[in-house]
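To start, the structure itself, in structure tokens.
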Amino acid sequence: MTFGVEQAEKWIITFNDKIQENKEYLTELDQAIGDGDHGLNMARGFQETVNKITSVNYDDLGSLFKDVGMTLIAKVGGASGPLYGTAFMKASLALKDKKKADVKELVEALAASLDGLKTRGKAQVGDKTMIDVWEPVIEFLTNSETIQPKELSVLSKEKMEYTKELEAKKGRAAYLGKRSIGHIDPGAASSYLLFVSLAEVFTGGELSS
Amino acid sequence: MTFGVEQAEKWIITFNDKIQENKEYLTELDQAIGDGDHGLNMARGFQETVNKITSVNYDDLGSLFKDVGMTLIAKVGGASGPLYGTAFMKASLALKDKKKADVKELVEALAASLDGLKTRGKAQVGDKTMIDVWEPVIEFLTNSETIQPKELSVLSKEKMEYTKELEAKKGRAAYLGKRSIGHIDPGAASSYLLFVSLAEVFTGGELSS
Amino acid sequence: MKKLMNDPNQVVKDMLAGMVAAHFNQIKRLPDTTVIVRKDAPIQGKVGLVSGGGSGHEPAHAGYVGKGMLDGAVCGEVFTSPTPDQIFEAIKAVDSGKGVLLIIKNYTGDIMNFEMAAEMAEAEGIKVAKVVVNDDVAVEDSTYTTGRRGIAGTVFVHKIAGALAEQGATLEEVEAVANKVVKNVRSMGMALTPCIVPAAGKPGFELGENEIEIGIGIHGEPGIEKTQIQPADEIVQILLGKILDDLKLENNDKVAVMINGLGATPLMELYIMNKKISEILKEKNIHVHETFVGEFMTSLEMAGCSISLLKLDDQLIELLDAQADTIVFKK
Amino acid sequence: MKKLMNDPNQVVKDMLAGMVAAHFNQIKRLPDTTVIVRKDAPIQGKVGLVSGGGSGHEPAHAGYVGKGMLDGAVCGEVFTSPTPDQIFEAIKAVDSGKGVLLIIKNYTGDIMNFEMAAEMAEAEGIKVAKVVVNDDVAVEDSTYTTGRRGIAGTVFVHKIAGALAEQGATLEEVEAVANKVVKNVRSMGMALTPCIVPAAGKPGFELGENEIEIGIGIHGEPGIEKTQIQPADEIVQILLGKILDDLKLENNDKVAVMINGLGATPLMELYIMNKKISEILKEKNIHVHETFVGEFMTSLEMAGCSISLLKLDDQLIELLDAQADTIVFKK
Ligand SMILES: Nc1ncnc2c1ncn2[C@@H]1O[C@H](COP(=O)(O)OP(=O)(O)O)[C@@H](O)[C@H]1O
Ligand SMILES: Nc1ncnc2c1ncn2[C@@H]1O[C@H](COP(=O)(O)OP(=O)(O)O)[C@@H](O)[C@H]1O
Ligand SMILES: [Mg+2]
Ligand SMILES: [Mg+2]
Ligand SMILES: [Mg+2]
Ligand SMILES: [Mg+2]
């Protein structure tokens, strides 16, 4: 199995489905330690993204991810908009003109996304943000030869759940100080869904290197 | 038994006690068909009135009732302030310089009060206001030789309760139209207490004519 | 009942103290009264304007004290008309010899208390005129009843009569223009939630999770009709419909619009109301000269709003546009 | 949830339509955006000022668009920072060649979105400066965290930077005075009730019948601490105490005070708060140059308030007093 435009679209569409399903859940997580709009923001932005990419025939991953990034930047807003938007813009640069990607290329693109996230948001692992899912997941993928859907799902879930233990240092939840402990970070939860969706693309077949 | 300064003071003090006891009840009546302040207005105004009259030694009924009227006008506000205030001002004019009053004189003074009320408020019997208690009560007293406490209480209670059947034409309750039916008029209820208090002054002895 | 206050029986006193402390440059309080007057009162050569009523309607009425509007505002207890002695103090403080116009909202209590104060003032040789505002079309107007209530449209009377007074007009002229405004202004309100008089401690009526009151007054009293919550556009249609039925505007008429929040309504919602209001008026080819959106005549923390329409002619336009510099209303 | 609206997902669009319909003489909306700019934008020879943020804080920020304050306001979804493309449109629309100052409240989302917009603008050759407002002393300021939030004190930045820009100052000068305001302004808020984001349909947190939140933000997020309801005087002591601890005022210092209602708080209660505030400041011999009481930066229909103190010097006084003519703020 290869990662081409079809797989990338499936990834985004699957992710959007999960976001729509979990819109209220994500909003509730954000109500607990933020301002209660994460589900709304993500649902609005990714629906627009899916509308966009399903109306265009893409030749390569770069232009697909560019449209994803641009749509997210313009439609999500809040903190998650620039972050997810930047992630896909960085991936699009890494995959410029590429019709398909092998594991190494895909993982490098995701690593570029992570870099973008960290530059944009200035958060570190442990700050109780989506970085707490992204960084260990990218590290795991970088060290794997193939993408193992099962392990990817398990790890991202574990990392998402671990944010419950943390005290927020970045984002809106930081204002709560110690009161942020005991709640899953909403952006970590949506990032978990992103990686689960990616895992589903690879279910039943592993990407050859 | 005669009606002198002592009896007049007892009347006002008894009335104030009943108003304070029934403050919430009167306010609830006013919440149902008015703006929910009648108990507060009456309690504030009559407490001030009692404070005033117990701090002065009066020689005659005229000056006592003048202070009552003036204090009510200045301290009650709303519709009931000018009305009760006017009532006592009119009584004070009728009893000017009088150390004591016989039945005829007292009833004439109350009839002057009623006149004042009607001129000030322009309400008629049947408009669902305090007039629906005052007018029949004054008529009854005018036609009696003596003041019969029991009958006075029974009649004013009956008339107060009858306001329940009426649709308000004057005062704030009028805005409710037919929705005002089924509720006792708050000013009729306070007027009932006024006449019950007067009856109590006479309990155990009737005023000689 | 959760309120920012110290003692429910002291809210008016504490409010007045805080108000004067905030706006000491513009207003002063007459000693030992609940009367707020312009700092420079009385203004020589100018008719004085006094309004007032129960408290709980802030910024009405003290917020409109200042150049081009009121000279004095008399603040009663919460939702309770102020007493004649207080009103009389206000009249005396703002009279420069040219006379004083009392702007009264049509409630039995206000009418009687202001009338008694006017009698006191006249007994001292002060010229007094009275105008009674009755803009609320929710209530039927009939000579057998109390007639319509005065609500947010009153602010237009303050503005326009105040502007004419500022030009040095006579008491008769100021009274006449005030009456002209009264004849041409109509309002109607609705509530999403009741409000709580601090000293009463509980709401004046109850509304279910999905209920609203149509035809609400500004004193926490129930409205004319309880209905289910409806989209803003439908609510506009009900309120504006009643106003337009009564005001009988014609093609090309000019109006001022006021969308007044009752206390707890976000500006956002008032603007959403205005979307439909402006559409309807445009459809009917009625020209909106100016739209006022905000809190002008509130009912404590009640959620809801009222709409007011003032039909304008050239004189009213000039006076509405004239300069005003009060605590909350500036032009 | 009872609100005057049509569709919870359309509240911002409907609001903007109603706002432009109401104030068409003063503002215009850039086509197909959620950007409100001065009707006469761009103003030649003047630095442009752009602010914005999530909606639900009305009158912030569009209410401050006008002479002497903002040139443009970018309105995001409710409580959600607007997106860079919208901010970029605002920048382009208000730039007259003298550059544009972005006034940003310190939230991760706002910072990132405005930064991206600034990058876009700079790529097109527009000079852009940014100032980040972080007046909320409820939140600890630390370089390891996000730092303090920007709340109602932001309005002072709009006013003062706007006044200097109106005088024709350079971008650097306007930026410098904006930063001076930021350095000298502190705020803190509290809530009696939560608020409901229309599209979420339920409150962001719960408060018991006798509970309040101290140190609330303006996005319906929980505060720093939940306590029992207390008298207004005590609440003033908590909020003002924290502000004074941080601002370190001295004998004879001059300040401007803002008592900001969060949406559902009657003006009466804000004035009751000011009674104690003015007493405390007087006791400390701090001179209040001006007190602003009302709704400046709200949180939908939240009940509660914030207090802001701005320490003044001669320059800030002159600019605070300077003329302003916006939808809600006039001087
Ligand atoms: N500085 C940051 N770096 C990385 N992620 C962040 C940062 N700030 C916030 N986030 C993520 O964004 C999420 C909140 O997104 P969202 O609710 O949509 O935006 P907002 O906080 O502006 O309302 C948080 O749960 C967190 O995961
Ligand atoms: N025009 C009137 N004539 C006689 N009594 C009246 C009139 N209007 C009102 N009232 C009486 O006043 C009572 C209401 O008093 P209160 O609640 O104190 O004043 P307000 O109506 O101003 O709030 C009514 O219940 C009624 O009995
Ligand atoms: Mg959020
Ligand atoms: Mg009443
Ligand atoms: Mg009353
Ligand atoms: Mg947000």
Side-chain angles (χ1 to χ4, degrees), chain C residues 2-7 11-12 14-19 21-23 25 55-56 58-59 63 78 192-193 207 209-210 212 229 231-233 235 257 259 263-279 288 290-295 298 300-301 303-305 328 330-331, chain D residues 2-7 11-12 14-19 21-23 25 55-56 58-59 63 78 192-193 207 209-210 212 229 231-233 235 257 259 263-279 288 290-295 298 300-301 303-305 328 330-331:
Chain C
K2 281 190 284 188
K3 286 175 190 280
L4 295 169
M5 63 178 179
N6 296 299
D7 173 350
V11 289
V12 175
D14 285 1
M15 169 184 75
L16 289 171
M19 194 183 280
H23 309 300
N25 282 326
S55 292
E58 291 69 30
V78 176
L192 296 164
T193 67
L207 277 179
E209 190 36 51
N210 291 310
I212 60 174
I229 175 79
D233 285 358
I235 294 172
V257 176
I259 303 155
T265 308
L267 259 182
M268 173 185 275
E269 298 180 27
L270 301 181
Y271 281 120
I272 290 174
M273 295 286 284
N274 189 49
K275 174 171 182 283
K276 187 70 185 175
I277 295 170
S278 64
E279 284 166 7
V288 178
E290 185 162 4
T291 306
F292 299 86
V293 184
E295 295 188 343
T298 61
L300 293 170
E301 74 286 359
C305 71
V328 294
K330 296 187 207 298
K331 273 225 142 197
Chain D
K2 280 191 284 189
K3 287 178 187 278
L4 294 169
M5 63 178 180
N6 295 301
D7 174 350
V11 290
V12 175
D14 284 2
M15 170 184 75
L16 290 172
M19 193 184 276
H23 310 299
N25 283 326
S55 292
E58 292 68 31
V78 176
L192 297 164
T193 66
L207 277 178
E209 190 37 49
N210 292 310
I212 61 174
I229 174 80
D233 286 359
I235 294 173
V257 177
I259 303 155
T265 309
L267 258 182
M268 172 184 275
E269 298 180 26
L270 301 180
Y271 281 120
I272 291 174
M273 296 286 285
N274 189 49
K275 175 172 182 284
K276 187 72 183 174
I277 294 169
S278 64
E279 284 166 9
V288 178
E290 184 162 4
T291 307
F292 299 85
V293 184
E295 295 187 343
T298 62
L300 293 171
E301 74 285 356
C305 71
V328 294
K330 295 184 207 301
K331 275 228 142 199

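In what follows, every chain begins at residue 1, and chains take the letters A, B, ... in the order their sequences are listed.
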Best-contacting candidate, [options], against chain D by heavy atom pairs under 4.5 angstrom:
options: L4(C), V12(C), T291(C); result: L4(C)
options: G63(C), G263(C), S278(C); result: G263(C)
options: C305(C), G294(C), G18(C); result: G18(C)
options: L267(C), I272(C), N210(C); result: I272(C)
options: E301(C), E279(C), M5(C); result: M5(C)

Which atoms of [X] come close to chain D, meaning under 4.5 Å heavy atom to heavy atom: side chain ones, backbone ones, both, or neither?
X: V257(C); value: neither
X: L192(C); value: both
X: N25(C); value: side chain
X: L300(C); value: both
X: V288(C); value: backbone
X: M19(C); value: both

Exam field: side chain K330(C) to backbone K330(D), donor-acceptor pair closer than 3.5 Å: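 No: the side chain of K330(C) does not pair with the backbone of K330(D).
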N6(C) side chain vs D233(D) backbone, donor-acceptor pair below 3.5 Å: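 Confirmed, N6(C) side chain pairs with D233(D) backbone.
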Contacting region of E290(D) [heavy-atom separation from chain C under 4.5 Å]: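 Neither the backbone nor the side chain of E290(D) comes within 4.5 Å of chain C.
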From CE (M15(C)) to CE (M268(D)), nearest 0.5 Å: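 It comes to 4.5 Å.
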From OH (Y271(D)) to CG (L16(C)), nearest 0.5 Å: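 Here the interatomic distance stands at 10.5 Å.
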Step-by-step side-chain contact (heavy atoms from CB on, under 4.5 Å) determination, E58(D) to L270(C): CA-CA 11 Å; E58(D) 292 68 31; L270(C) 301 181; over 6 Å; no
L207(C) vs K2(D) side-chain heavy atoms within contact, under 4.5 Å: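 In contact.
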